[in-house]
Amino acid sequence: MRHRYNSCVSCLGEQLHTASSQVQELALCMLMKFIQLEGRFPLESAIWKDGYRFPRHLLKLVIDGLLQEEKDCSAVILRFQEFLEYDDIRYYTMSVVIERIAQVYQNNKETLPSIFLNNVFGLLSSINMPQDDKLSNFLVAQKEKVDEWKPAKLMEHKKIFERVWMGFLKHKLSVSLYKKVLLILHESILPHMTKPTLMIDFLTVAYDVGGAISLLALNGLFILIHQHNLEYPDFYKKLYSLLDPSVFHVKYRARFFHLANLFLSSTHLPVYLVAAFAKRLSRLSLTAPPQCLIMIIPFICNLIRRHPACRPLIHRPSAEADLASDPFIMEEKDPAKSCALESSLWELEALQNHYYPNVLRAANVISRALSTQESDISELLELSAYEVGELGITILTKSLCCRFLVTNSS
């Protein structure tokens with residue numbers, strides 16, 4: 001009977017590698033049932049001193065089937081998510097994944113297959129870490145000493161969680177996978193690590209890559225800088241270099257400007273630095289789409305409100321200003337050498353002739369005395385071109401109605 005049982009387990013393990021996702025799911029559920037039953041009725045006496053019984057070899061068979069090297073297993077991984085709610089399954093899954101990554105790396109010598117890495121990410125990103133210190137939701141029930149069992153301790157979960165992610169991120173990832181990791185890093189990974197500062201190297205390298213990857217790395221860096229005292233000497237210099245025309249067209253635009261607003265909120269920043277950001281955004285506004293301009297102009301005005309020493313940028317005479325006579329050096333990567341303080345925000349004055357009425361109204365703010373109250377730009381960050389169009393139609397309709405009423409009354 002033991003031999004037949006082992007043959008059945010082997011057969012189910014092979015079915016996890018079949019082409020049919022339906023068969024894979026059935027094999028998965030049956031193997032998980034075997035894990036539960038073997039834990040309750042062990043085939044062998046426990047040989048380790050604490051006496052806890054968990055059929056780890058069966059779970060390893062399951063994980064090997066989920067983390068295949070040449071086949072996308074996202075469908076069966078999705079089904080496996082329901083079992084990750086059990087504390088013991090979650091703990092031992094992370095433990096087995098560490099071994100699986102090491103095994104595949106040893107077999108491939110150099111780089112891990114991209115399909116395998118995608119499967120690993122799909123599984124790891126499905127893990128929802130517990131919040132309570134006391135864990136008691138187990139698939140394999142333990143009769144005694146549960147409090148001393150590693151899967152019953154939140155700190156042990158955090159340690160193994162940290163190890164599995166660090167082991168995964170040390171390998172070379174594709175650009176798309178890099179972005180997926182950075183999208184969830186600040187919410188789903190860093191808060192559950194025992195030492196979040198271990199991510200410093202990964203995030204600083206990502207921040208130096210450039211483009212969308214640098215934008216996405218900002219969230220993680222923000223947490224490390226503000227909560228864990230990370231020192232990044234050229235941080236603002238790099239942030240400044242990320243301001244180029246493409247930043248208005250990436251899908252992470254709202255996130256970038258939200259974080260940029262937070263990083264530039266300190267009143268202790270040097271005046272030349274804030275002036276450089278304000279001036280660079282002002283110059284970029286000349287070619288920015290209307291939905292971005294409605295957000296950029298209040299963003300610039302908020303910078304000036306926080307730093308009154310930058311007010312000469314809007315009060316300096318700019319009637320004769322143009323691209324040729326402007327002392328500002330747009331191509332300069334270092335904000336300290338950009339000569340922004342010697343310039344003016346004549347670009348915002350130019351936007352007062354913009355074809356779009358909402359942009360024109362926003363730009364007219366600098367012609368009046370700038371209030372001390374900051375503008376709330378949170379609702380403007382994700383404004384789409386369609387919403388801007390709807391807003392414009394509403395304003396135009398109101399304007400025409402007012403003119404109609406004035407004409408009739410006269």
Side-chain angles (χ1 to χ4, degrees), residues 207-208 210 214-215 218 221 225 232-248 253 256-289 292-354 359 362-372 374-375 377 380-381:
Y207 192 49
D208 290 335
S214 291
L215 300 185
L218 276 174
L221 282 173
I225 289 172
Y232 193 110
D234 293 327
F235 176 80
Y236 283 99
K237 190 175 176 181
K238 181 65 180 177
L239 183 65
Y240 182 74
S241 69
L242 291 177
L243 291 174
D244 59 33
S246 66
V247 79
F248 301 125
R253 181 189 73 217
F256 171 74
F257 279 101
H258 169 70
L259 289 169
N261 189 45
L262 290 175
F263 282 121
L264 295 169
S265 61
S266 172
T267 54
H268 299 293
L269 293 174
V271 177
Y272 76 83
L273 183 68
V274 179
F277 274 93
K279 179 60 181 178
R280 192 173 181 88
L281 281 170
S282 182
R283 179 64 59 84
L284 290 171
S285 68
L286 293 176
T287 55
C292 294
L293 289 174
I294 292 174
M295 176 269 298
I296 292 170
I297 296 171
F299 189 101
I300 295 171
C301 291
N302 283 348
L303 290 180
I304 296 171
R305 288 185 179 105
R306 292 171 199 156
H307 303 270
C310 291
R311 285 182 180 267
L313 291 175
I314 56 173
H315 295 309
R316 184 172 288 129
S318 56
E320 302 294 328
D322 57 25
L323 284 172
S325 60
D326 194 340
F328 176 68
I329 308 170
M330 184 68 176
E331 296 75 22
E332 177 57 56
K333 299 294 183 184
D334 187 349
K337 301 176 182 177
S338 65
C339 302
L341 276 173
E342 300 168 23
S343 181
S344 66
L345 302 183
W346 59 266
E347 296 91 347
L348 297 187
E349 190 173 333
L351 290 176
Q352 292 176 353
N353 298 311
H354 199 276
V359 174
N364 279 335
V365 171
I366 65 164
S367 297
R368 303 187 295 270
L370 204 60
S371 64
T372 55
E374 287 193 21
S375 303
I377 63 168
L380 304 175
L381 291 174

To the nearest 0.5 Å, what is the distance between [atom1] ([X]) and [atom2] ([Y])?
| X | Y | atom1 | atom2 | answer |
| --- | --- | --- | --- | --- |
| L303 | H307 | CG | NE2 | 6.5 Å |
| I300 | M295 | CD1 | CE | 9.5 Å |
| L286 | L284 | CG | CG | 8.5 Å |
| I314 | R368 | CD1 | CZ | 11.5 Å |
| E347 | I297 | CD | CD1 | 11.5 Å |
| I329 | R283 | CD1 | CZ | 11.0 Å |

Exercise. Parallel under 30°, tilted from 30 to 60°, perpendicular over 60°: which one fits the rings of F235 and Y207?
Worked result: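 F235 vs Y207 ring planes: parallel.
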For this session: Hey, can you tell me if F299 and F257 have their rings parallel, tilted or perpendicular (30° and 60° cut-offs)?
Result: perpendicular
Exercise. Can you check whether F256 reaches L239 side chain to side chain, under 4.5 Å on heavy atoms?
Worked result: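 The answer is yes, as the side chains (C-beta and beyond) meet within the 4.5 Å cut-off.
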Problem set entry | side chain to side chain contact (heavy atoms under 4.5 Å, CB included) between L269 and R306, worked out | CA-CA 10 Å; L269 293 174; R306 292 171 199 156; over 6 Å; no
Can you see which heavy atom on [X] is nearest to which on [Y], and at what distance?
| X | Y | answer |
| --- | --- | --- |
| A275 | C310 | N-SG, 3.9 Å |
| S367 | Q352 | OG-NE2, 2.6 Å |
| D208 | K238 | O-NZ, 3.7 Å |
| A309 | V271 | CB-CG2, 3.7 Å |
| L348 | A363 | O-CB, 3.5 Å |
| L273 | P335 | CD1-CG, 3.6 Å |

For this session: Mark yes when over 12 heavy atoms from residues, nucleotides or ligands other than H258 sit less than 6.0 Å from its NE2; otherwise mark no.
Result: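 Count not over threshold, so no.
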For [Y], does its backbone N or O pair with a side-chain atom of [X] as donor and acceptor, under 3.5 Å?
| X | Y | result |
| --- | --- | --- |
| N302 | E374 | no |
| K279 | L345 | no |
| R280 | L243 | yes |

For this session: Tell me, please, which residues at least two apart from Y240 pass ring-ring contact (aromatic ring centres under 6.0 Å, His included).
Result: F277
For this session: Before giving the answer on side chain to side chain contact (heavy atoms under 4.5 Å, CB included), spell out for R253 and V247 the whole-Å C-alpha distance, their side-chain angles and the decisive distance to 0.1 Å.
Result: CA-CA 6 Å; R253 181 189 73 217; V247 79; 5.6 Å; no
Exercise. Would R305 and S375 satisfy side chain to side chain contact (heavy atoms under 4.5 Å, CB included), going step by step from the backbone distance to the final call?
Worked result: CA-CA 10 Å; R305 288 185 179 105; S375 303; 3.4 Å; yes
For this session: Apply side chain to side chain contact (heavy atoms under 4.5 Å, CB included) to the pair L221 and L259, showing each step before the final yes or no.
Result: CA-CA 10 Å; L221 282 173; L259 289 169; over 6 Å; no
